[in-house]
Amino acid sequence: MSSLNSKVVYMDNNATTKVAPEVFEEMIPYLTDLYGNPSSMHTFGGQVGEAVEQARERVASLLGAEPQEITFTSCGTESDSTAILSALQTFPEKRHIVTTRVEHPAIKNLCETLDTLTGHKHRVTRLKVNSEGQLDLKEYEEALSDDTAIVSVMWANNETGVIFPVEEMAAMAHKRGILFHTDAVQAVGKIPMNLKELDIDFLSMSGHKLHAPKGVGVLYVKRGTAFVPYLSGGHQERGRRGGTENVASIVGLGKACEMASQNMEEENSRVRYLRDKLEEGLLKAVPKSLLNGVKKDRLPNTTNISFEYVEGEAILLHMNRYNICASSGSACTSGSLEPSHVLRAMGVPFTAAHGSIRFSLSVYNTEEEIDFVLEKMPAIIESLRQMSPFWKGE
Ligand SMILES: *Cc1c(COP(=O)(O)O)cnc(C)c1O
């Protein structure tokens, strides 16, 4: 399809982000001259090992953790799996997991296949959310039991940006002697964290959601928390994760964390201003449009808007003509368009869930881009509605 705008307007940062030029710059030597194995005895490998340790310190500093609490993995998905499977092996007699109905597939699908993976029968409680995407802490408290091995609750939702009160939830789990994991892939860099002060045992993050490359992640394991590796093998990562380190990407992730910790508040408030301008503009300009997710406790970069009586995927195709990149809240599974499990859990009505679009911004978006999207979207929605058999006008 030919494009009507040569420059890409990228508003799909919850799917993946651009590698920051400064990050790429720091990676180059480790893809060229400094190719040693960080585990080698010689100085050539040793200096590569030092770069990995510097990256570990930078990650720890962003999270308010200690370097020994940081293990590098291949992605957020691996970190999620490692945390859950470690807890289940630590407490083989406990067969209950508490999670939510709106987790990323990395946790959602893992919980569905646990019985096969561990050879045990597990009971999984999936906490409900209300129409604004929020959890009920009373339901959570009642779900915790002596049989619960681990709680896994994401820090911020990737589709709506809604933030969960994980600090409080972790404390509640710890009071009962239950381990707590949070998938913080979307939260790191957008929410200030000080893990030293929290009861979180495991935290997952991913490089490519934070302007570092794809294929590198982190699992934070609180000092003193029992840990069973997922990938055994070599003694890399102090025996916590076998496999020769993805050095260049780890170095890149370290730099990305350093950049995120500098001016976090300032950068996020600029992104929030742009997001709010986009959100308010769209809700005002397009009739029958609704915000999905609570307005207040939300990531600064994300907005999820339903345009009633149109298909999300059709909207995306029209946006694509202008090189505007975003995501829809419905996915084509086995030939039929299914609204996302997140929007279904929130009880978003059928006619709205199908027409939902997620815009997720980054520090690289500009006000001109927001104005461009605000200029194009109303006409796109209007033209699709004219073709819709369900649309009967305002
Ligand atoms: C992207 C994402 C993941 C998966 O991370 P990968 O590094 O792509 O495996 C997990 N959880 C959330 C909330 C995400 O947004």
Side-chain angles (χ1 to χ4, degrees), residues 10-19 23 59 63 70-85 99-113 126-127 129 133 135 151-164 166 169 180-191 193 200 202-220 230-231 241 243 245-246 248-250 252-254 256-257 260 292-293 297-304 325-329 331 340-343 345-346 358-362:
Y10 190 75
M11 299 192 174
D12 203 10
N13 288 279
N14 289 9
T16 197
T17 60
K18 163 196 167 101
V19 173
V23 165
V59 174
L63 300 180
I70 303 301
T71 297
F72 291 111
T73 66
S74 69
C75 59
T77 303
E78 183 192 323
S79 301
D80 282 348
S81 285
T82 305
I84 304 296
L85 295 174
T99 181
T100 77
R101 298 197 179 177
V102 297
E103 295 299 310
H104 186 273
I107 287 291
K108 182 177 173 278
N109 294 343
L110 175 75
C111 287
E112 281 160 21
T113 53
R126 296 173 179 84
L127 301 170
V129 292
L135 295 170
V151 173
S152 180
V153 172
M154 66 202 320
W155 199 314
N157 187 271
N158 47 303
E159 291 190 31
T160 60
V162 171
I163 295 169
F164 288 147
V166 290
M169 295 177 86
F180 191 92
H181 166 253
T182 184
D183 176 336
V185 170
Q186 293 294 347
V188 173
K190 298 174 194 144
I191 299 174
M193 297 179 179
I200 291 169
F202 301 104
L203 174 143
S204 307
M205 62 178 280
S206 172
H208 75 104
K209 304 290 174 78
L210 190 78
H211 303 294
K214 295 161 187 67
V216 64
V218 162
L219 178 64
Y220 157 91
Y230 178 53
L231 287 185
R241 200 266 183 188
E245 297 87 341
N246 181 353
S249 293
I250 288 172
L253 178 54
C257 286
N292 294 315
D297 295 317
R298 204 161 39 127
L299 293 176
N301 77 318
T302 308
T303 182
N304 187 313
C325 308
S327 289
S328 80
S340 84
H341 67 285
V342 176
L343 299 181
M346 290 162 67
R358 174 189 71 188
F359 298 89
S360 47
L361 310 186
S362 82

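For the numbers below, each heavy atom of this structure counts, side chains included, while hydrogens, waters and symmetry mates do not. Numbers here simply count residues along the sequence, with the first being 1. As the structure lists them, so they are numbered: ligands from 1, and atoms in each ligand from 1.
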Exam field: side chain H211 to backbone K18, donor-acceptor pair closer than 3.5 Å: yes

Indicate whether any N or O donor in one side chain lies under 3.5 Å from an N or O acceptor in the other, for N301 and N14. yes

Sorted by chain and number, the residues that approach ligand 1 to under 4.0 Å with a heavy atom: C75, G76, T77, H104, M154, N158, D183, V185, Q186, S206, H208, K209

Would you confirm whether N13, through its side chain, and S360, through its main-chain N or O, come within 3.5 Å as a donor-acceptor pair? yes

Partner residues of S74 under the side chain to side chain contact (heavy atoms under 4.5 Å, CB included) criterion, sequence neighbours left out: E78, R241

Heavy atoms from other residues, nucleotides or ligands near OH of Y230 exceed 12 (cutoff 6.0 Å): no

Using atom types as modelled and distance alone, determine if a side-chain donor or acceptor of N304 lies under 3.5 Å from a backbone N or O of G293. no

